[in-house]
There are 2 protein chains.
Amino acid sequence: MKAKHENTEAEILEAAKSIFQQKGMAGSRMQEIADKAGINKAMLHYYFRSKQMLFEAVFKNAFKLLAPQLKKILDEDTDLFDKIRGFSNSYISFVIKHPYLPNFIIQELNKNPDFIDRLRAGKDFPNIRKFKLQVENNVARGVIKPISGEQLFINIMSLNILPFIASPLFKGFLDASDKEYQALMKQRKTEVAEFIINSIRL
Amino acid sequence: MKAKHENTEAEILEAAKSIFQQKGMAGSRMQEIADKAGINKAMLHYYFRSKQMLFEAVFKNAFKLLAPQLKKILDEDTDLFDKIRGFSNSYISFVIKHPYLPNFIIQELNKNPDFIDRLRAGKDFPNIRKFKLQVENNVARGVIKPISGEQLFINIMSLNILPFIASPLFKGFLDASDKEYQALMKQRKTEVAEFIINSIRL
DNA sequence: ATAAGGTTTAACCATTTGGTTAACAAAGAT
DNA sequence: ATCTTTGTTAACCAAATGGTTAAACCTTAT
């Protein structure tokens with residue numbers, strides 16, 4: 001074997017992802033990432049030069065995972081109602097796999113809004129154009145009440161994303177245990193889509 | 001005058017609020033807070049002992065500002081639909097005054113979920129019981145479709161809060177300028193409430 | 001006036017932290 | 001075999017950072 005670790009770079013990225021997504025850029029320590037990867041701290045710099053560059057690698061990877069989720073709702077060619085149901089359903093599965101990811105992206109984007117420009121340059125950046133047309137078409141055909149694609153998109157995202165991002169706050173207000181809150185989220189898996197569809201259906 | 005600054009403690013809190021809410025606990029520097037307050041760094045420790053205690057003072061103040069907003073929807077005695085309209089309308093004004101506050105609370109609660117227990121001890125902690133009864137009553141009277149108070153509460157919060165928390169992300173997806181996004185938010189001031197009411201009204 | 005009290009500051013301190021270096025190890029190339 | 005390249009480590013470094021201290025300052029009470 002050439003290396004003690006099979007794929008050091010990937011192991012660093014995995015550890016960095018875990019630490020960065022839980023503690024954010026400012027709250028994460030290079031030493032902690034190295035420890036988690038079971039690797040000498042100098043290796044982080046050997047492979048990624050600086051904390052900033054390691055962070056950006058993690059961030060881009062995270063965004064690459066999230067983008068396809070959004071593409072489902074923005075670019076697919078399915079019926080609008082099915083789309084809403086499909087997204088709400090699959091987003092929850094996604095969050096279970098990557099609990100810290102959406103919040104991580106939103107937070108670091110808040111602290112560094114110009115990241116979005118660099119992301120937009122990437123080919124797989126989600127675009128709302130097609131979704132807008134679909135909504136306009138459904139409005140014109142009298143299938144749904146008048147609403148702009150932007151507002152509907154924001155509504156769908158909000159109803160699906162915030163319950164996970166703000167779970168400690170909601171757990172507090174609802175006085176719900178982890179288990180109870182999880183049950184609420186499971187229930188939402190179908191209920192959210194119907195909530196949205198009920199609102200716009202004519 | 002006894003002091004160079006009229007009310008040093010308040011000035012520190014104001015500066016700390018500004019820095020902490022923008023950069024979070026981990027990303028904030030005591031020196032930066034002192035500079036912003038135009039005050040020697042030692043004063044921060046003189047009045048608040050440690051960064052942690054200064055942070056908790058800021059956090060409690062922030063929560064004290066947010067709680068009454070939620071009380072409006074949870075405890076007031078107005079009609080359900082008016083409540084939804086009233087909250088959506090007033091929340092946006094609140095966010096304009098305190099742009100970083102809701103995100104700040106959600107973030108720091110995520111990093112420190114046991115904060116919520118300490119907050120719950122306070123007298124003015126919002127409680128959903130009354131709202132649940134109101135929703136159940138409206139369902140029973142056939143005014144709205146069947147929905148649990150919890151889910152409706154989560155929906156109202158999500159639709160109102162996330163668009164501000166995730167504004168850089170949404171601006172990116174919608175390819176909207178600051179001005180355009182602000183216009184969308186203004187439009188939501190009334191539209192969100194109708195979106196919710198449309199969904200549940202029988 | 002001056003003693004006493006809280007308030008403020010500059011200088012200082014110990015620790016943490018991101019980053020570097022020089023030496024070492026392992027594998028392939030010659 | 002040994003030279004070269006790549007990967008890895010322990011030790012180190014300078015800067016940043018939260019926190020402390022001792023002296024100075026200012027106001028009020030005596």
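Between A:Glu32 and A:Lys23 there is a salt bridge, since at least one side-chain N of the basic residue sits less than 4.0 Å from a carboxylate O of the acidic one. A salt bridge is defined here as a Lys NZ or Arg NE, NH1 or NH2 lying under 4.0 Å from an Asp or Glu carboxylate O, and B:Asp178 with B:Lys171 meets this definition.
The nearest whole Å value for the distance from the NE2 atom in A:His45 to the P atom in C:dT21 is 12 Å. Rounded to a whole Å, the CD atom of B:Glu9 is 15 Å from the P atom of C:dG6. Residue B:Asn7 contributes atom CG, which lies 17 Å from atom P of C:dG6 at whole-angstrom precision. Atom P of nucleotide C:dT17 and atom CD1 of A:Ile19 are separated by 13 Å, given to the nearest angstrom. At whole-Å resolution of the value, CD in B:Gln31 and P in C:dT16 are 20 Å apart. Between A:Gln52 atom CD and C:dT17 atom P there is a gap of 18 Å when expressed in whole angstrom units. Whole-Å rounding puts the A:Asp35 CG to C:dT17 C1' distance at 13 Å. If you take CG of B:Leu44 and P of D:dT17, they are 14 Å apart, rounded to a whole angstrom.
For A:Ser50, whose side chain is taken as the heavy atoms from C-beta onward, the closest listed nucleotide among D:dG19, C:dT7, C:dG19 is C:dG19. Closest contact between the side chain of B:Met30 and the listed nucleotides D:dG18, C:dT9, C:dG19 involves D:dG18. Comparing D:dA10, C:dG19, D:dG7 by their nearest atom to the side chain of A:Asn40 picks out D:dA10.
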Problem set entry | Test side-chain contact (heavy atoms from CB on, under 4.5 Å) applied to A:Phe125 and A:Ile116, step by step | CA-CA 10 Å; A:Phe125 189 83; A:Ile116 202 81; 4.2 Å; yes
For this session: Take B:Tyr91 and B:Phe87, measure what ring-ring contact (aromatic ring centres under 6.0 Å, His included) needs, and give me the verdict at the end.
Result: CA-CA 6 Å; B:Tyr91 182 79; B:Phe87 176 80; 5.6 Å; yes
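A donor-acceptor contact under 3.5 Å links the side chain of A:Lys41 to the base of C:dG19.
Put simply, A:Thr8 has a side-chain N or O that comes within less than 4.0 Å of OP1 or OP2 on D:dT8. Residue A:Arg29 places no side-chain N or O under 4.0 Å from the OP1 or OP2 atom of C:dT16.
Sparse packing is recorded around CD of A:Gln182, with 12 or fewer heavy atoms of other residues, nucleotides or ligands lying under 6.0 Å away.
Summary of the strand contacts: B:Tyr46 and A:Arg49 both lie near DNA chain C, and taking for each the nucleotide with the nearest heavy atom, the more 5' one is attributed to B:Tyr46. Between A:Tyr47 and B:Met25, it is A:Tyr47 whose nearest contact on DNA chain D lies nearer the 5' terminus.
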